[in-house]
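The structure appears below as structure tokens.
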Amino acid sequence: MNPFALLAQRSRRERLLALLLSVSLGLGAVWMGVIQPLRQGISRSEARIEQAHKDLLDMRATLARLQALEGRGVSGNLDTKTESFFAIDREAKRLNLKLERIEPAGEGARTQFSAAPFNEVVKLLDVLSRQYGLNVTNVVLTRSEAGRVDGRITWQRGRK
């Protein structure tokens with residue numbers, strides 16, 4: 001049977017109600033199927049653009065720091081005392097040096113070690129100076145046994 005004929009048999013109130021329901025369903029379908037996905041896509045695009053802009057600003061700032069470090073003859077990129085602290089710890093572990101103590105001190109750190117191979121201590125001094133711009137401000141080394149030393153080293157960033 002024809003839906004319009006069925007609708008024609010109903011009262012004026014029921015026809016108005018059916019029309020109102022049809023319009024509501026149609027608008028809901030357009031909203032859920034077209035408008036809402038477009039709005040979500042625009043929001044995601046705006047968020048990606050904002051994040052890309054922040055990343056670009058960070059990259060420019062990092063570039064400026066790297067250029068400043070290159071001008072000083074330093075190839076590393078340390079910003080804070082915690083980064084200095086972690087750089088010392090990381091490089092010491094890489095060289096198999098067991099640091100008994102490492103603590104932040106200003107823009108650097110203080111380290112203490114026992115029975116460390118002297119050659120590895122010298123390598124640590126070189127790596128931290130060349131790659132990270134950390135220089136020794138105070139050093140106390142005592143021979144503990146053949147080829148090994150006990151000591152304390154204080155590091156500061158950018159000082160000679």
Using the side chain to side chain donor-acceptor pair (under 3.5 Å) criterion, which residues pair with [X]? Sequence neighbours excluded.
{"X": "S114", "value": "E100"}
{"X": "S43", "value": "none"}
{"X": "R15", "value": "none"}
{"X": "R13", "value": "none"}

Working for side chain to side chain contact (heavy atoms under 4.5 Å, CB included), residues M59 and T62: CA-CA 5 Å; M59 286 182 215; T62 301; 5.6 Å; no
Backbone N or O of S144 within a donor-acceptor pair of the D150 side chain at under 3.5 Å?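 A pair under 3.5 Å: no.
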Taking salt bridge (charged side-chain N to carboxylate O under 4.0 Å, His left out) as the test, write out the residues that go with [X], two or more places apart.
{"X": "R101", "result": "E103"}
{"X": "K98", "result": "none"}
{"X": "D58", "result": "none"}
{"X": "D89", "result": "K93"}

Residues sharing [X]'s hydrophobic cluster, by side-chain heavy-atom contacts under 4.5 Å among ILVMFWY, directly or via others?
{"X": "L57", "value": "none"}
{"X": "L21", "value": "L25"}
{"X": "L17", "value": "none"}

Considering all heavy atoms of both residues, which atom of [X] and which atom of [Y] are nearest to each other, and what is their separation?
{"X": "L134", "Y": "I88", "value": "CD1-CG1, 3.8 Å"}
{"X": "L141", "Y": "G151", "value": "CD2-CA, 4.1 Å"}
{"X": "W31", "Y": "P37", "value": "O-CD, 4.1 Å"}

Do the side chains of [X] and [Y] join up, straight or via other hydrophobic residues, at under 4.5 Å, putting them in one cluster?
{"X": "V139", "Y": "F113", "answer": "yes"}
{"X": "F118", "Y": "V140", "answer": "no"}
{"X": "V30", "Y": "M32", "answer": "yes"}

Counting C-beta onward and ignoring hydrogens, is there a side-chain heavy-atom pair between L125 and V136 closer than 4.5 Å? yes
Is a donor from one side chain sitting under 3.5 angstrom from an acceptor on the other, for S129 and N135?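 N135 and S129 do have a side-chain donor-acceptor pair below 3.5 Å.
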Can you establish whether the number of heavy atoms outside R148 located under 6.0 Å from its atom CZ is more than 12?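 Result for CZ/R148: enclosed.
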Take V23 and L20 through the side chain to side chain contact (heavy atoms under 4.5 Å, CB included) test and state the conclusion after the steps. CA-CA 5 Å; V23 168; L20 192 60; 5.5 Å; no
In Å, rounded to the nearest 0.5 Å, how long is the span from [atom1] of [X] to [atom2] of [Y]?
{"X": "Q112", "Y": "T154", "atom1": "CD", "atom2": "OG1", "answer": "10.5 Å"}
{"X": "D126", "Y": "L124", "atom1": "CG", "atom2": "CG", "answer": "9.5 Å"}
{"X": "R143", "Y": "E145", "atom1": "CZ", "atom2": "CD", "answer": "9.0 Å"}
{"X": "K123", "Y": "R94", "atom1": "NZ", "atom2": "CZ", "answer": "9.0 Å"}
{"X": "W155", "Y": "N138", "atom1": "CH2", "atom2": "CG", "answer": "11.5 Å"}
{"X": "T111", "Y": "L128", "atom1": "OG1", "atom2": "CG", "answer": "9.0 Å"}

By side chain to side chain contact (heavy atoms under 4.5 Å, CB included), which residues pair with L16, not counting sequence neighbours? none
